[in-house]
**Q** 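The structure that follows is given in the form of structure tokens.
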2 protein chains.
Amino acid sequence: MSDTAKTLPRLDESLLSHVPPFSKLEKRQIREILDMASVRRLGEGVAVFEEGAPAERFYMLLDGYIRVMRITATGEQVIALHIPSGQLFGIARAIGRDTYPATSVTASEAIILSWPMRVWDDFVARYDGFATETYKTLGQRLGEMNNRIVEMATQQVEQRVANALLRLINQTGRKVEGGIEIDFPITRQDLSEMTATTLHTVSRLLSAWEKQGLVSSRRKRITVTDPHRLVLMCRGGVPI
Amino acid sequence: MSDTAKTLPRLDESLLSHVPPFSKLEKRQIREILDMASVRRLGEGVAVFEEGAPAERFYMLLDGYIRVMRITATGEQVIALHIPSGQLFGIARAIGRDTYPATSVTASEAIILSWPMRVWDDFVARYDGFATETYKTLGQRLGEMNNRIVEMATQQVEQRVANALLRLINQTGRKVEGGIEIDFPITRQDLSEMTATTLHTVSRLLSAWEKQGLVSSRRKRITVTDPHRLVLMCRGGVPI
DNA sequence: GGCGAAGTTTGCGGTGGCACAAACTTCTCA
DNA sequence: TGAGAAGTTTGTGCCACCGCAAACTTCGCC
């Protein structure tokens, strides 16, 4: 975590003007907010904060992707969530906590803003729509986690992996020729940590799907070529 | 859902004065709140609201237990959460939703207060500490769900069931002679829906544990007689 | 008190996917 | 350009757990 935090004077207001928690604000207010922010550029695989650490700052992901994960006592990793750019994260304060509930690691190169947690209450009080939009995001994440619980409880490995892929291309997909590619580097291991299985099983599945023309993949890159058939694959335990 | 809603004039202020979201309020304020509330007494196994329905009211559980569940397209049930008395539930508005994200069913006889959702914003704005305490509860539930995801991803059935039992006696346990009993009727089927397994497996496990003197159970009732040994049983995938 | 419904126990066979292992491919960096 | 690291593929054996089935127990109700 090389701490090259820096307050750049040249952050443009347009950076935040279209991002939900700030979209209802005036230019002047966004200026205020940006002037308080630190900005950092991080490489792939860098921890932003660790589970259990005092929640001293909260973050906005301007570009890139964040992986939220937890590590068990026996050292196994479980990936809870992926966060796409334009979202706040590390907002422990919003759920009444003063330590981070999970570890955040960059899944790709990323640019993040951050503020000291003490300005949180100010933000909530002063900026109209900030709280509402924040809680909407929280609600979405809660819903996603809920869906994952249902999936893990009712679905076979094959369906869970299919679901995970579909979720990834929905949230972080990028159109390329011949399909939709997941927009950040992702390994079989990562996918297995998202779906509660082993990298071996994920590898076998992807190989099989590649033969059937559902996906195509290279090292750390996966492209879904036939999303529709993948959807058919994962019916059988999906929430209403 | 027999709608015997009724606004009783005799609800006592002391009902809410020690309940977190309202504990910082003056007697006068609690009076206001109670005067807006409807109160209902429900039998066991009654749905309070259903997933997907418009979130027209929010609820406070005064007595009893609530089971939060989801039903898949194939009809399987997954129990997401148990809510003990003294907590708000059905607070879709707090996470920016206008439909309920899950179904709530009484796990025992229960007494619930409810208010129309349109007063939610008033409550948040007018009553000090209401929002904060609410979000703390939300944070706890989020953390619990998070733990369940980690458990399901990393633990064996035996450990998951042990964990589920421990969580239940922590939240809803009642001291009885010879151990701690889960304070509401719970079947093997319920436990299996909480731990993503089958009632058969749960039954076998409980039988084995009963022989070892860890638990004792009757129809719809489970008592943990040796919590400590049960804790040892479930180490091996527990979050830090 | 007796009948049906609901809940529980137990046996048995089959299998999905994990553990272990080893070779191969692709990147990175000196 | 070559060595090592990181990531991927594939094969084999095995067992924890599920699915199915059937009997048994307990409860509530007429």
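Just so it is clear, the values below take in all heavy atoms, side chains as well, and ignore hydrogens, waters and symmetry mates. In what follows, chains are A, B, ... by sequence order, proteins preceding strands, each numbered from 1.
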**Q** Just how far, in rounded Å, is C1' of dA21(C) from CZ of Arg204(A)?
**A** 11 Å
**Q** Any base atoms under 4.0 Å from Ser203(A), or only sugar-phosphate, or nothing? Heavy atoms, all strands.
**A** base
**Q** Are Glu44(B) and Lys220(B) ion-paired here, with the side-chain N under 4.0 Å from a carboxylate O?
**A** yes
**Q** Of the options dG7(D), dT10(C), dG7(C), whose atoms approach the side-chain atoms of Arg219(A) most closely?
**A** dG7(D)
**Q** Rounded to whole angstrom units, what separation is found between the CD atom of Gln156(B) and the C1' atom of dG16(C)?
**A** 14 Å
**Q** Between Thr201(A) and dG17(C), is there a side-chain N or O to OP1/OP2 distance below 4.0 Å?
**A** no
**Q** Go through the side-chain N and O atoms of Thr72(B) and Thr74(B) and say whether any donor and acceptor fall under 3.5 Å apart.
**A** yes
**Q** Check the phosphate of dG17(C) against Thr198(A), side-chain N and O only, distance under 4.0 Å to OP1 or OP2. Yes or no?
**A** no
**Q** So what does Leu206(A) hit on the nucleic acid, given a heavy-atom distance under 4.0 Å: a base, only sugar-phosphate, or nothing?
**A** nothing
**Q** So, for Ser38(B) and Arg57(B), which heavy atoms are closest and what is the spacing to 0.1 Å?
**A** OG-NH2, 3.2 Å
**Q** Taking the basic N atoms (NZ, or NE/NH1/NH2) and the acidic carboxylate oxygens, is any pair closer than 4.0 Å for Glu151(B) and Arg167(B)?
**A** yes
**Q** Nearest whole angstrom, please: distance from the P of dC27(D) to the CZ of Arg218(B).
**A** 8 Å
**Q** Based on the rotation axes of five pairs at each end, what angle does the helix from dG1(C)-dC30(D) to dA30(C)-dT1(D) bend through, to 10°?
**A** 50°
**Q** Assess, by modelled atom type and distance only, whether the side chains of Arg148(B) and Asn163(B) contain a donor and an acceptor separated by less than 3.5 Å.
**A** no
**Q** With the threshold set at under 4.0 Å for non-hydrogen atoms, list the residues of residues 180-188 of chain A touching DNA chain C in residue-number order.
**A** none
**Q** Assign Glu158(B) to base, sugar-phosphate, or nothing according to its heavy-atom contacts below 4.0 angstrom with the strands shown.
**A** nothing
**Q** Does His200(A) make a side-chain donor-acceptor contact with the base of dT8(D), cut-off 3.5 Å?
**A** no
**Q** Checking Gln189(B) against Thr187(B): is there a side-chain donor and acceptor pair closer than 3.5 Å?
**A** no
